[in-house]
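So the structure is just underneath, and the comments pick up after that.
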Amino acid sequence: MPMLMPLGLTRISKKMKQMNNLILSIIASATILRLLLSIVLFPSNSTIDNDNIILARSLGPGILPALGAAILDPVHTWDHLEEACFWLENENNGPLLWTDSWLGGNGGNGVDGGNRNDGSDYEVGGYASIYTPGTRIVSPPLVFAFLGETLVCPRGYAFLRKVIKNLLLLIADAIGAYCIYHIGKRIYEIECGSNEEDMERHTKKEVVKGSGGDNNADDLVIPGILRPHRGWVFGLSSKIIPPEEELLTCGDLNNASTNGNKPEKHDENGNSSIQTNPTPNPMSSSPDNGREPIISMDQLPSIAAISYYCNPISMLANATGSIRSVWDALLLLSLYYATLPPTTTTKEGIPIKIPSATKVAFSFAAANYVDVGYGVFLLPILLWRGMMLVARDSSAAPSQSQTTTIRRVQQQHQHRDWKMVVLLFLFYFGGMHYFASMLVGGSTGTYRKVIIQTMLPNVAFVQQDGSGSVPGPSMGLHWYLFVQVFDRFRPYYTVFASGISMMFPIPLMIRLYRYPSVLVAAFQLLASVFRPTTTVHTLTLALHLSLLNPRSIVRMRDHSLISFFALPVPILLFVTFHRMWLVTGNGNPNYIYFQCFAYGMFVTIIAMEFVSGTVKRDKVRRMMEKGSVKKILDEMKEKEETENTDKEGTENGTEEVVGTVVDKVDDQNGNTTEEAGEDDNGDGGEESAEDAGNVSDEVEDGAPEPVVD
């Protein structure tokens with residue numbers, strides 16, 4: 001034994017080294033591929049048609065705009081910042097109409113048009129010229145100041161600026177992957193200390209014993225009927241099919257599938273040939289059938305992080321000029337700091353506090369300053385920071401061991417500073433807008449218009465200017481439905497369409513406040529459907545955040561799996577029909593509409609199944625905590641015993657009745673037999689014998705002679 005331990009540790013260390021080397025090789029390959037895409041395949045980092053681009057020459061003109069419409073949000077790209085640079089450089093040469101609209105005068109001349117009282121001409125200049133009506137610039141002033149004027153507007157050092165932009169996006173995705181890994185790891189640690197993990201552990205022990213957990217007195221054992229079908233995929237306990245259903249599925253159905261409509265065969269004793277001990281159902285449960293888990297739960301954070309960094313959608317989006325990865329990295333940073341444990345232990349064993357409220361508030365305020373649509377994620381952040389903690393404690397009446405576990409988890413992983421986070425968030429968010437207003441200049445009303453122009457397109461589908469033009473096609477349905485609406489109904493449609501997504505966050509938080517990580521994934525899935533400009537890039541983040549919740553995934557039905565594998569079909573057809581409509585002229589917008597409809601339907605099915613699986617998971621947890629399952633099982637057992645007792649009594653009564661009837665029938669048969677015996681011994685018997693003798697004589701002599709009357 002002493003020699004076996006070092007050998008086992010050596011093998012484990014070798015496997016760990018091999019795994020680390022594999023991960024490093026994957027990350028290095030993905031990094032090289034990202035740089036090649038940005039430098040070789042998309043050298044201009046944009047989706048504008050260019051004959052010098054290999055993809056445009058091989059697939060024809062129009063393929064780049066079609067690809068950009070599927071994966072890019074046009075207001076969060078380097079091209080959009082370049083447009084802002086154009087308006088900043090031509091602030092004094094812009095059309096007078098825009099200056100009139102901004103200042104409310106006649107071309108910027110005269111007293112009302114902007115001429116000051118001292119006689120000097122006053123025109124809109126500086127950053128204010130970027131946000132005049134008609135420019136269609138949505139990027140906020142601070143974003144343009146930090147990214148636009150440093151990496152886009154300068155004309156020199158083009159290659160150096162391109163390298164810096166690619167490195168910035170590469171680092172943003174690397175930070176996002178790092179945050180996803182640690183967020184998933186902390187979620188796993190929190191769940192490992194919860195009563196949900198206690199139930200899973202007791203259930204596995206009971207299944208190993210062989211009773212399946214159905215007739216056990218332990219309150220923490222989940223009955224087989226309440227377990228998920230695919231729990232074995234992640235090493236969880238799976239649903240156990242009752243024996244009678246196993247006989248049906250594995251015996252009758254298999255026999256029917258092999259024999260078709262052939263009649264049932266019987267042996268020489270008349271018994272059915274169906275097997276009485278069929279082969280066990282492979283989907284019954286993981287311990288019973290010996291199925292090994294495909295993915296271990298502690299491996300999911302690593303898998304999600306590597307997949308996020310290496311997925312081709314993010315690579316194409318960054319190579320074609322999207323800067324959405326930077327804003328997603330800010331959001332993930334806020335979630336990373338929100339899930340930090342409140343305390344840690346030094347090498348000397350002394351617990352110390354980890355201050356993180358300021359980091360959470362600042363990173364989340366920065367993400368919301370760029371895109372106010374991220375504001376919905378404030379709800380799960382506050383749940384992680386201790387909001388509704390009392391409601392979580394009082395929602396059930398757990399046992400003493402469960403109460404101790406909950407307190408231990410709260411002390412290790414739960415903050416109680418959500419009010420401080422809210423105040424700091426408002427402070428940083430307001431401070432950013434204050435500095436932005438100083439850059440723009442002008443009065444309060446001037447900056448109010450800037451806020452409307454930079455915030456509204458991120459949460460509502462609105463026309464870009466007074467001409468009625470709207471953003472181009474995307475993977476959503478807003479663009480198609482908006483152009484079908486009459487002009488006077490467009491404000492109503494804008495409020496209605498943008499309000500649909502606002503109906504879900506509060507009810508979901510009230511129902512699923514125990515699972516902030518589920519809320520984060522659910523909100524991102526909803527954004528993948530209801531954003532004004534829906535892109536596939538938004539969906540990739542949602543799918544990776546969903547992967548961090550395996551207990552909800554295993555309770556999803558087959559519809560979600562089919563929808564997931566069907567997603568590439570409408571995406572590829574969207575790119576094809578986009579080019580057919582706007583370049584070759586062989587298509588029309590209806591072609592794209594149906595692909596957008598299918599895409600939205602598939603994503604909606606995934607989102608609904610994900611939320612439904614979480615609700616099922618939470619319902620089982622609540623039932624186990626309150627002891628409802630045990631009560632139901634006891635009631636069912638008592639009912640079954642009562643039915644069996646009634647059945648036995650009915651059978652005994654039936655046997656007595658049958659016995660009485662049989663006795664009466666026997667008495668009647670006895671009397672009938674005695675009368676028949678008297679007839680045999682009397683005259684009637686002799687006459688019958690004589691007649692029988694005459695008939696036999698006639699048969700022996702041949703045909704009888706005719707009788708003459």
Side-chain angles (χ1 to χ4, degrees), residues 72-77 80-81 83-84 87 101-102 127-148 322-324 326-328 330-331 334 361-379 422 425-466 469-471 474 476 478-479 482 490-503 505 523-524 526-527 530-535 538:
L72 297 182
D73 191 343
V75 299
H76 296 286
T77 59
H80 191 71
L81 293 177
E83 292 179 12
W87 293 116
S101 302
W102 190 256
Y127 276 35
S129 62
I130 301 176
Y131 300 101
T132 53
T135 59
R136 305 179 183 180
I137 300 301
V138 181
S139 182
L142 292 181
V143 174
F144 179 74
F146 283 101
L147 295 181
S322 174
I323 54 177
R324 172 65 72 176
V326 181
W327 319 143
D328 289 341
L330 290 174
L331 173 65
S334 64
F362 181 79
S363 55
F364 189 67
N368 278 269
Y369 173 77
V370 178
D371 186 354
V372 73
Y374 288 128
V376 69
F377 294 97
L378 181 63
L379 298 177
V422 172
F425 165 71
L426 295 176
F427 173 76
Y428 287 124
F429 189 68
M432 291 177 184
H433 280 286
Y434 173 74
F435 288 114
S437 65
M438 294 179 65
L439 286 174
V440 174
S443 62
T444 306
T446 301
Y447 188 68
R448 186 184 302 114
K449 294 179 180 179
V450 173
I451 291 178
I452 294 174
Q453 185 170 340
T454 56
M455 282 189 177
L456 195 58
N458 288 311
V459 294
F461 195 89
V462 293
Q463 58 188 25
Q464 295 176 324
D465 51 36
S469 61
V470 296
S474 64
H478 295 77
W479 65 272
F482 194 84
R490 283 188 173 183
Y492 168 78
Y493 173 77
T494 299
V495 175
F496 175 77
S498 59
I500 292 177
S501 60
M502 302 300 176
M503 296 189 300
F523 292 161
Q524 187 67 16
L526 291 175
F530 294 108
R531 270 189 181 274
T533 304
T534 305
T535 62
T538 307

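Reckoned from all heavy atoms, side chains included, excluding hydrogens, waters and symmetry mates. Computed from a predicted model, the values in this text were never measured in an experiment.
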Less than 4.5 Å apart, side chain to side chain, heavy atoms only: is that true for [X] and [Y]?
X	Y	answer
L426	F429	no
D73	T538	no
V459	S498	no
F435	M438	yes
P471	W479	no
T494	L456	no

Take atom CZ in F362; do more than 12 heavy atoms of anything else shown fall under 6.0 Å from it?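 Counting neighbours around CZ of F362, 12 or fewer heavy atoms of other residues, nucleotides or ligands fall under 6.0 Å, so no.
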I need the minimum non-hydrogen distance between [X] and [Y], along with the two atoms involved.
X	Y	value
T454	P140	CG2-CA, 4.1 Å
L379	P505	CD1-CB, 4.0 Å
I130	W87	CA-CB, 4.3 Å
S322	L72	CB-CD2, 3.3 Å
L439	Y127	O-CB, 3.6 Å
F144	L81	CE1-O, 3.8 Å

Between atom CZ of F523 and atom CZ of F377, what is the distance when rounded to the nearest 0.5 Å? 8.0 Å
Gap separating the CG atom of N458 from the NE2 atom of H76, nearest 0.5 angstrom: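 Here the rounded value is 4.0 Å.
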Can any side-chain N or O of Q453 pair as donor or acceptor with the backbone N or O of I137 at less than 3.5 Å?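 Answer holds: yes.
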Using a 3.5 Å distance criterion without hydrogens, assess whether the side chain of S474 forms a donor-acceptor pair with backbone atoms of T535.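 No: the side chain of S474 does not pair with the backbone of T535.
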Can I get a per-line list of side-chain donor-acceptor pairs under 3.5 Å for residues 363-371, giving both atom names and the distance, sequence neighbours left out?
residue, atom, partner, partner atom, Å
S363, OG, S334, N, 3.4
S363, OG, K359, O, 2.8
S363, OG, V360, O, 3.2
N368, OD1, G375, N, 2.8
N368, ND2, F364, O, 2.8
Y369, OH, L142, N, 3.1
D371, OD1, G373, N, 3.0
D371, OD2, R324, NH1, 2.8
D371, OD2, R324, NH2, 3.4
D371, OD2, R531, NH1, 3.0
D371, OD2, R531, NH2, 3.4

Summary of side chain to side chain donor-acceptor pair (under 3.5 Å) pairs that have at least one residue in residues 432-444, sequence neighbours excluded: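 Only H433-Y447, S443-T446 qualify under side chain to side chain donor-acceptor pair (under 3.5 Å).
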